[in-house]
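Counting starts at 1 for both ligands and their atoms, following the listed order. Both backbone and side-chain heavy atoms feed into the values below; hydrogens, waters and symmetry mates do not.
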Amino acid sequence: MAVDKDKYLQIKEELSEKNITLVAVSKSKPITDILELYESGHRDFGENYVQELLEKQSHLPQDIRWHFIGHLQTNKVKFIAPFVHLIHVADSFKLCKEINKQGEKNNRSINVLLQVHIAQEETKFGLNEEELKQLMYQLEINRSSLQHISVQGLMGMASFTDDHEQVRKEFRFLKNLFDEYKQLQTTNCNLQTLSMGMSSDYKIAIEEGTTMVRIGSLLFGERRG
Ligand SMILES: *Cc1c(COP(=O)(O)O)cnc(C)c1O
């Protein structure tokens, strides 16, 4: 199935007023689909597997801004470090240190979001409120040795549920954390991006103050499996 251009334009319209960034989640979709959106002027794409991202990145225009949104193992950071635009899923100090190390090797600073666990489901990755606080603290006290990582904001995924009030509650919780940490002026944290909202819940995320949505199936059609 090809790209739904009308849907794309409609979503862009919905986001433009509030200056919200659209990450087109192209995981499991072919390069031809990505190129179709690229030709329409789109540049931000999201992938969740390192191997798949590398494969696509090598075949596609170099000015695409690649967002990494899947679980990231420490030993895989080196593969995406040369080019990744934003890693949405930093959720441990160990991972942050490795991202910094690979940033240094590549002579760049790598942008990350800290992933916060906001859903009811147990299986998802991310930090709870206390862990987020600790990680922020560790990043701050080690800032002089972390010059190649730049914490740009927070990311979260709401529960998979039809209960809109539950989803809204989770987004609101994350937005409050974001606003709280945004006030802190620290050297390698400059919170400006709040990544929340997917195909099923991006409208709620807009109402709750998102600055970046990650949308796959609405643009590219349902994924198999
Ligand atoms: C797959 C995925 C998305 C997009 O999901 P859709 O429901 O297809 O919009 C967004 N964020 C993350 C982290 C994902 O893994």
Any N or O of S217 that comes nearer than 3.5 Å to an N or O of ligand 1? yes

Tell me if a side-chain donor or acceptor on N142 pairs with a main-chain N or O of S145 at a distance below 3.5 Å. no

For D63, look at atom CG and say whether over 12 heavy atoms of other residues, nucleotides or ligands are found less than 6.0 Å away. yes

Quick one: does H88 get a heavy atom under 4.0 Å from ligand 1? no

Nearest non-hydrogen protein atom to atom 9 (O) of ligand 1, with distance, is S199 OG, 2.5 Å

Go through ligand 1 atom by atom and flag the ones less than 4.0 Å from a non-hydrogen atom of I215. 9 (O)

For the pair S159 (side chain) and Q120 (backbone), establish whether a donor and an acceptor sit closer than 3.5 Å, ignoring hydrogens and angles. yes

Just which atoms of ligand 1 are under 4.0 Å from any heavy atom in G216? 4 (C), 6 (P), 8 (O), 9 (O)

Would you find a donor on one side and an acceptor on the other, under 3.5 Å apart, between the side chain of R108 and the backbone of A81? yes

In plain terms, say whether E14 and K203 are close enough for a salt bridge, that is, a side-chain N and a carboxylate O under 4.0 Å apart. yes

For atom 13 (C) of ligand 1, the protein heavy atom that lies nearest, with its residue and separation: I69 O, 3.5 Å

Would you call E104-K101 a salt bridge at under 4.0 Å N-O? no

Using a 4.0 Å heavy-atom threshold (strictly under), name the region of M155 that reaches ligand 1: side chain, backbone, both or neither. side chain

I need the nearest protein heavy-atom contact for atom 5 (O) of ligand 1: residue, atom name and distance, please. M198 CE, 3.4 Å

Could you tell me whether the side chains of S109 and H148 share a donor-acceptor contact shorter than 3.5 Å? no

At a 4.0 Å threshold, what atoms of ligand 1 neighbour a non-hydrogen atom of R214? 4 (C), 9 (O), 10 (C), 11 (N), 12 (C), 13 (C)

Does ligand 1 have an atom under 4.0 Å from some heavy atom of E222? no

Taking 4.0 angstrom as the limit, do K27 and E52 come out as a salt bridge? no

Where is the nearest protein heavy atom to atom 14 (C) of ligand 1: which residue, which atom, and how far? K27 NZ, 3.0 Å

